[in-house]
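Taking it in order: structure first as structure tokens, then the write-up.
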Amino acid sequence: MEESVTVIGNLPEMKELLALSAPLLHGLIAIWGLLDCFFGLKIFKATVRILMAFIGATIAATLAMHMWPESVTALLVCSGVGLVLGILLGWYVWKMGLVLMAVMAGFIFASPLAAQLSPAMALLVPAAIGLVCGLLVFVILEPVVIGSTAVTGSFRLVYGAAFFIGGPNLYDYVSGEKTMHDLLVGGDWRLALATLLIAAMGAYLQFHFWRKGKAPAKQEE
């Protein structure tokens, strides 16, 4: 009985499970990023809730892979618990999730630009810009939502799609083999540039439709 439990707990092997699920995960991330980048303002509440669920599952999976690196069962259970907690947090405190998304957008946007600075400043400057973006949520909601969804959506689109052409495997950053700081600051500059360009396109289109949607209301006044 003990032997069968051990086998069930370790099969399929962790590396095989990650390798099999990686294409599906990166494909879903890319599609989600595409929708968020160009339609973020319309779906931002759903996006925040999904993002919080994704963050919750990622944090829980990271902890599981560090504490029980050989256990698939622990990975699945912890990921499921983190997913549920993230959904609940995003559902009831969606503005907190929006602030977090704005902070992430500021960090993603500033990191490639700060890569030439000293190591300490390359981390401090994006963190400071991310904090400012998070605070702006309470001042100018819609523009911050547009900018945040465009940047974070573009990031997911580019790095999710890049996996299929030999780009980084995001599992490496969840497992701790590499850090997100390495991905953003020391990663491929072409991916960083593509992220910023697509984010600019997404933000432009979102601002266009937002302003177009506000025009009738102003005329009625």
Side-chain angles (χ1 to χ4, degrees), residues 8-33 36 47-91 93-94 96-112 119 122-124 126-127 130-131 134 148 151-164 167-188 191-192 195:
I8 293 173
N10 291 329
L11 288 177
E13 292 292 334
M14 183 72 72
K15 291 184 178 179
E16 293 179 1
L17 175 66
L18 297 181
L20 288 173
S21 60
L24 176 62
L25 173 71
H26 286 78
L28 291 175
I29 288 175
I31 294 171
W32 175 27
D36 210 16
T47 293
V48 167
R49 290 161 182 165
I50 295 173
L51 182 64
M52 294 297 288
F54 181 77
I55 290 174
T58 301
I59 292 175
T62 301
L63 292 175
M65 293 178 72
H66 280 287
M67 298 179 68
W68 303 285
E70 301 299 325
S71 176
V72 175
T73 303
L75 174 65
L76 296 177
V77 170
C78 290
S79 298
V81 172
L83 182 73
V84 172
L85 292 177
I87 290 175
L88 292 175
L89 184 60
W91 190 270
V93 199
W94 65 267
M96 181 185 298
L98 181 56
V99 170
L100 179 60
M101 185 171 67
V103 171
M104 290 175 59
F107 193 89
I108 291 171
F109 177 79
S111 290
L123 181 61
L124 181 60
L131 180 60
S148 298
V151 173
T152 58
S154 175
F155 176 80
R156 293 193 300 272
L157 170 60
V158 170
Y159 284 85
F163 169 81
F164 297 97
N169 186 339
L170 297 180
Y171 271 136
D172 293 338
Y173 301 91
V174 173
S175 65
E177 293 183 21
K178 300 178 182 178
T179 67
M180 289 301 295
H181 183 261
D182 294 333
L183 179 65
L184 295 170
V185 177
D188 192 329
L191 297 182
T195 298

Legend entry - Spacing of W32 atom CH2 and D36 atom CG [to the nearest 0.5 Å]: 7.0 Å
Inset, instruction - Check G160 against A30 and note the closest heavy-atom contact, atom names and distance. - result: C-CB, 4.0 Å
Legend entry - pair L25-F163: side-chain heavy atoms closer than 4.5 Å: no
Legend entry - Inter-residue atom distance L157.CG - I31.CD1, 0.5 Å rounding: 10.0 Å
Legend entry - Closest non-hydrogen atom pair between S148 and A102, with its separation: OG-CA, 3.2 Å
Legend entry - For A64 against A74, the heavy-atom pair lying closest together: CB-O, 3.9 Å
Inset, instruction - Could you walk me through whether M104 and V151 pass the side-chain contact (heavy atoms from CB on, under 4.5 Å) test, one step at a time? - result: CA-CA 9 Å; M104 290 175 59; V151 173; over 6 Å; no
Inset, instruction - Might you point out which heavy atoms bring P23 and F164 nearest each other, and give the distance in Å? - result: O-CZ, 3.2 Å
Legend entry - Exercise: identify the closest heavy-atom pair between L100 and M52: CD2-SD, 3.9 Å
Legend entry - Distance in Å, I59 CD1 paired with L83 CG, rounded so as to fall on 0.5 Å steps: 12.5 Å
Inset, instruction - Please name the pair of heavy atoms, one in C78 and one in A60, separated by the smallest distance, quoted to 0.1 Å. - result: O-CB, 3.0 Å
Inset, instruction - Any chance you could lay out the side-chain contact (heavy atoms from CB on, under 4.5 Å) test for L191 and F155, step after step, and finish with the verdict? - result: CA-CA 9 Å; L191 297 182; F155 176 80; over 6 Å; no
Legend entry - Any F107 side-chain heavy atom under 4.5 Å of L123 side chain: yes
